[in-house]
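Below you'll find the structure, written out as structure tokens, and then a few comments.
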Amino acid sequence: MKNNLHQEFIKIFNKEADNAYFSPGRVNLIGEHIDYNGGLVMPCAITFGTYLLTSPNEDGIFRFRSLNFSEQKDIPLQISYEKTGENWFNFPIGVIDRFIKDGHPLKGLDMLFYGDIPIGSGLSSSASIEVVTSYALNDLFNSGYSKLDLVKLSKDVENNFIGVNCGIMDQFAVAFGEKNKALMLNCDTLDYQAVDSNLGDYVLAIINTNKPRKLAESKYNERVEECQAALMALQQQLDIKYLCEINSATFEQYKHLITDPVVLKRAKHVIEENDRVKLAATALADNNLTEFGRLMYASHDSLRDLYEVSGVELDAVAEYSKTNPDVAGARMTGAGFGGCAIALVKGDAFDKFSKEVTEYYTQKIGYAPSVYSSLIGDGVGELASVAN
């Protein structure tokens with residue numbers, strides 16, 4: 001499909017596209033549920049994402065078309081916009097709204113979107129579409145935003161125009177991603193380090209459980225509250241603003257302050273997971289994929305047992321992976337209760353892995369997962385040609 005985007009654009013708009021852009025999706029390699037605890041996460045851009053082809057028009061109209069959705073929208077240039085329903089075009093409209101409110105003059109634009117990220121899988125299709133739109137507008141109309149400005153703007157669109165209370169990791173990862181590098185990001189300060197992550201003979205397998213994530217939001221808010229309770233208990237004797245300001249050794253010393261056993265488990269996961277991210281960065285930089293894989297499994301076990309955000313579907317993927325000698329490590333990724341797991345799989349064994357994990361999962365869960373192979377790719381940018 002992506003090789004025919006120029007032809008599709010001509011078919012829809014009766015003219016050629018002038019510009020083409022791409023923004024990836026992302027996975028978080030390790031560091032789960034610690035972004036709201038002042039800790040470190042380690043996302044990377046993947047080689048699936050959102051393509052956007054554009055051409056200016058003289059009509060003062062934004063025309064939104066997608067090869068993924070039948071819904072389309074034509075709206076005139078105006079001083080502000082509002083979200084309408086749950087349609088996909090709310091994401092680019094939200095970005096346009098922010099550009100206009102920030103005082104940047106725009107003109108009419110014909111826009112064709114195509115994404116190959118599985119929708120609703122937790123791989124950040126929404127961040128991908130926000131960032132590709134903001135990057136394109138910034139480029140086409142010389143708006144003068146930095147890449148970090150575009151990340152913050154896109155997050156603001158998600159929070160205030162779309163109405164989803166996400167952190168900044170997704171937009172940051174799809175904007176700043178680099179080929180063969182993971183980003184060790186401090187979600188509080190936005191300081192980050194690009195960590196060499198050459199996977200060598202391995203590929204990143206992304207296993208979509210295909211389970212609707214109905215619990216994720218309510219349980220997410222519950223976990224945030226539990227972490228706040230843990231922090232308040234520790235603040236009786238420690239001068240800290242976030243749980244991740246202390247390491248596991250300090251936590252062992254002061255954990256008696258937390259009297260609720262459930263809250264204690266949540267804090268233990270957060271602090272140990274933050275330590276795991278630092279160890280994972282060292283392992284990747286040293287090209288020690290065996291150690292990195294061990295940390296992935298440890299992260300999954302902690303999310304299952306201490307943080308309790310996994311589920312039989314995600315656990316099934318991790319269980320099977322542990323039995324396969326061609327898998328270095330696996331874990332759930334994202335908020336949990338469905339969504340995706342990731343596994344580090346030898347490239348020449350990926351097809352066998354895909355077949356066997358599908359059989360194991362289907363037998364255990366009753367329906368099949370979707371399995372994809374990805375490398376660590378680049379962040380948002382302009383494309384010379386979408387056919388490349």
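Put simply, the side chain of Lys83 gets close to the backbone of Ile162: a donor and an acceptor are under 3.5 Å apart. Side chain of Asn138 to backbone of Tyr145: a donor-acceptor contact under 3.5 angstrom is found. Checking side-chain atoms of Thr358 against main-chain N and O of Ser354 turns up a donor-acceptor pair under 3.5 Å. Remark: the backbone N or O of Pro24 is paired with a side-chain donor or acceptor of Ser128 at under 3.5 angstrom. Side-chain N or O atoms of Arg98 include none that pairs as donor or acceptor with a backbone N or O of Val157 at under 3.5 Å. Asp35 contributes no side-chain N or O that, together with a main-chain N or O of Gly167, makes up a donor-acceptor pair within less than 3.5 Å. Side chain of Asn87 to backbone of Asn90: no donor-acceptor contact under 3.5 angstrom is found. Between the side chain of His269 and the backbone N or O of Glu32 there is at least one donor-acceptor pair closer than 3.5 Å. No donor-acceptor distance shorter than 3.5 angstrom exists from the side chain of Glu178 to the backbone of Gly379, with no hydrogens or angles considered. No donor-acceptor pair under 3.5 Å is formed between the side chain of Thr209 and the backbone N or O of Leu314.
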Given Lys152 and Leu190, is the side-chain contact (heavy atoms from CB on, under 4.5 Å) satisfied, shown in steps?
CA-CA 11 Å; Lys152 291 175 177 175; Leu190 299 187; 3.9 Å; yes

Verdict with reasoning, Cys227 to Leu243, per side-chain contact (heavy atoms from CB on, under 4.5 Å):
CA-CA 8 Å; Cys227 288; Leu243 285 179; 4.0 Å; yes

For side chain to side chain donor-acceptor pair (under 3.5 Å), just list the numbers for Tyr360 and Glu319, CA-CA rounded to whole Å, side-chain angles, deciding distance to a tenth of an Å, and then say yes or no.
CA-CA 9 Å; Tyr360 182 92; Glu319 282 162 17; 3.0 Å; yes

Should Arg331 and Ser299 be marked as a side chain to side chain donor-acceptor pair (under 3.5 Å) after you check the CA-CA gap, both sets of side-chain angles, and the distance that decides it?
CA-CA 7 Å; Arg331 63 185 287 275; Ser299 171; 3.0 Å; yes

Test side chain to side chain donor-acceptor pair (under 3.5 Å) on Ser23 and Thr50 and set out the steps.
CA-CA 5 Å; Ser23 179; Thr50 307; over 6 Å; no

If you apply the rule side chain to side chain donor-acceptor pair (under 3.5 Å), what do you find for Asn324 with Ser321, and how did you get there?
CA-CA 5 Å; Asn324 187 324; Ser321 297; over 6 Å; no

Go through it in stages, so that I can follow the logic: the residues are Tyr202 and Phe292, the test is side-chain contact (heavy atoms from CB on, under 4.5 Å), and I'd like the CA-CA distance, side-chain angles, deciding distance and then a yes or no.
CA-CA 12 Å; Tyr202 287 83; Phe292 182 71; over 6 Å; no

Evaluate the criterion side-chain contact (heavy atoms from CB on, under 4.5 Å) for residue pair Phe113 and Val132; output intermediate values, then yes/no.
CA-CA 10 Å; Phe113 291 85; Val132 79; 4.2 Å; yes

Walk me through whether Lys155 and Glu158 qualify under salt bridge (charged side-chain N to carboxylate O under 4.0 Å, His left out).
CA-CA 5 Å; Lys155 176 187 177 287; Glu158 185 91 24; over 6 Å; no

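Side-chain rings of Tyr220 and Tyr36 approach one another, their centers coming within less than 6.0 Å. Checked against a 6.0 Å centroid threshold, the rings of Phe99 and Phe141 do not count as neighbours. For Phe69 and Phe89, the ring centers sit 6.0 Å or farther from each other.
A donor-acceptor pair shorter than 3.5 Å can be found between the side chains of His300 and Asp315.
For the atom pair CG (Leu284) and CD1 (Ile376), the distance works out to 7.5 Å, reported to the nearest 0.5 Å. Atom OG of Ser125 sits about 12.5 Å away from atom CH2 of Trp88, to the nearest 0.5 Å. Taken to the nearest 0.5 Å, the CG atom of Leu231 stands 9.0 Å off from the CD1 atom of Ile246. Here the straight-line distance linking atom CG of Leu67 with atom CG of Asp116 works out to 11.5 Å at 0.5 Å rounding. Rounding to the nearest 0.5 Å gives a distance of 11.5 Å between CZ of Phe62 and OG1 of Thr54. A distance of 6.0 Å separates CG in Leu153 from OG in Ser134, rounded to the nearest 0.5 Å.
Met184 and Tyr192 fall within a single hydrophobic cluster, where Ile, Leu, Val, Met, Phe, Trp and Tyr are joined by side-chain heavy atoms under 4.5 Å apart, directly or via other members. Leu295 and Val345 fall into different hydrophobic clusters, defined by Ile, Leu, Val, Met, Phe, Trp and Tyr side-chain heavy atoms under 4.5 Å apart, directly or through other members. Ile206 is not connected to Val371 by any chain of hydrophobic side-chain contacts under 4.5 Å among Ile, Leu, Val, Met, Phe, Trp and Tyr, and they are in different clusters.
Minimum heavy-atom separation, Gln236 to Leu257: NE2-O, 3.8 Å. Counting all heavy atoms, side chain and backbone alike, Leu234 lies closest to Tyr254 at CD2-O, 3.6 Å. A pairwise comparison of heavy atoms in Leu106 and Leu77 identifies O-CD2, 3.2 Å as the closest pair. Counting all heavy atoms, side chain and backbone alike, Tyr367 lies closest to Asn210 at CE1-O, 3.9 Å. Across all their heavy atoms, Ile258 and Phe251 have their closest contact at CD1-CE1, 4.0 Å. Across all their heavy atoms, Ser143 and Leu137 have their closest contact at OG-O, 3.9 Å.
Within 6.0 Å of CG on Asp201 lie no more than 12 heavy atoms contributed by other residues, nucleotides or ligands. More than 12 heavy atoms of other residues, nucleotides or ligands lie within 6.0 Å of NZ in Lys265, so this atom counts as buried by the packing criterion. Remark: Lys101 NZ is packed, more than 12 non-hydrogen atoms of other residues, nucleotides or ligands lying under 6.0 Å away.
A salt bridge links Asp301 to Lys322: at least one charged side-chain nitrogen sits closer than 4.0 Å to a carboxylate oxygen. Under 4.0 Å is where a charged nitrogen must lie from a carboxylate oxygen, and between Glu252 and Lys255 at least one such pair does. Ion pairing between a basic and an acidic side chain is recognised when a charged N comes within 4.0 Å of a carboxylate O; Arg63 and Asp110 show such pairing. Between Asp74 and Arg65, at least one side-chain N (NZ, or NE/NH1/NH2) sits under 4.0 Å from a carboxylate O, which counts as a salt bridge.
Residues Leu140 and Tyr21 meet the side-chain proximity criterion, which asks for heavy atoms closer than 4.5 Å. Under the 4.5 Å side-chain criterion, counting only non-hydrogen atoms from C-beta, Val270 is not in contact with His33. Annotation: side chain of Lys107 is not in contact with side chain of Pro56 (no heavy-atom distance under 4.5 Å). Within the 4.5 Å cutoff, the side chain of Glu291 has no heavy atoms near those of the Thr282 side chain. Put simply, the side chain of Ile93 reaches to within 4.5 Å of the side chain of Phe64, judged on heavy atoms. Within the 4.5 Å cutoff, the side chain of Thr290 has no heavy atoms near those of the Arg294 side chain. Looking only at side-chain heavy atoms (C-beta outward), Tyr242 and Glu245 come within less than 4.5 Å of each other. The shortest distance between side-chain heavy atoms of Glu313 and Tyr361 falls below 4.5 Å.
Just one residue in the list Glu225, Glu273, Glu272, Glu226 forms a salt bridge (charged side-chain N to carboxylate O under 4.0 Å, His left out) with Arg266, and that residue is Glu226.
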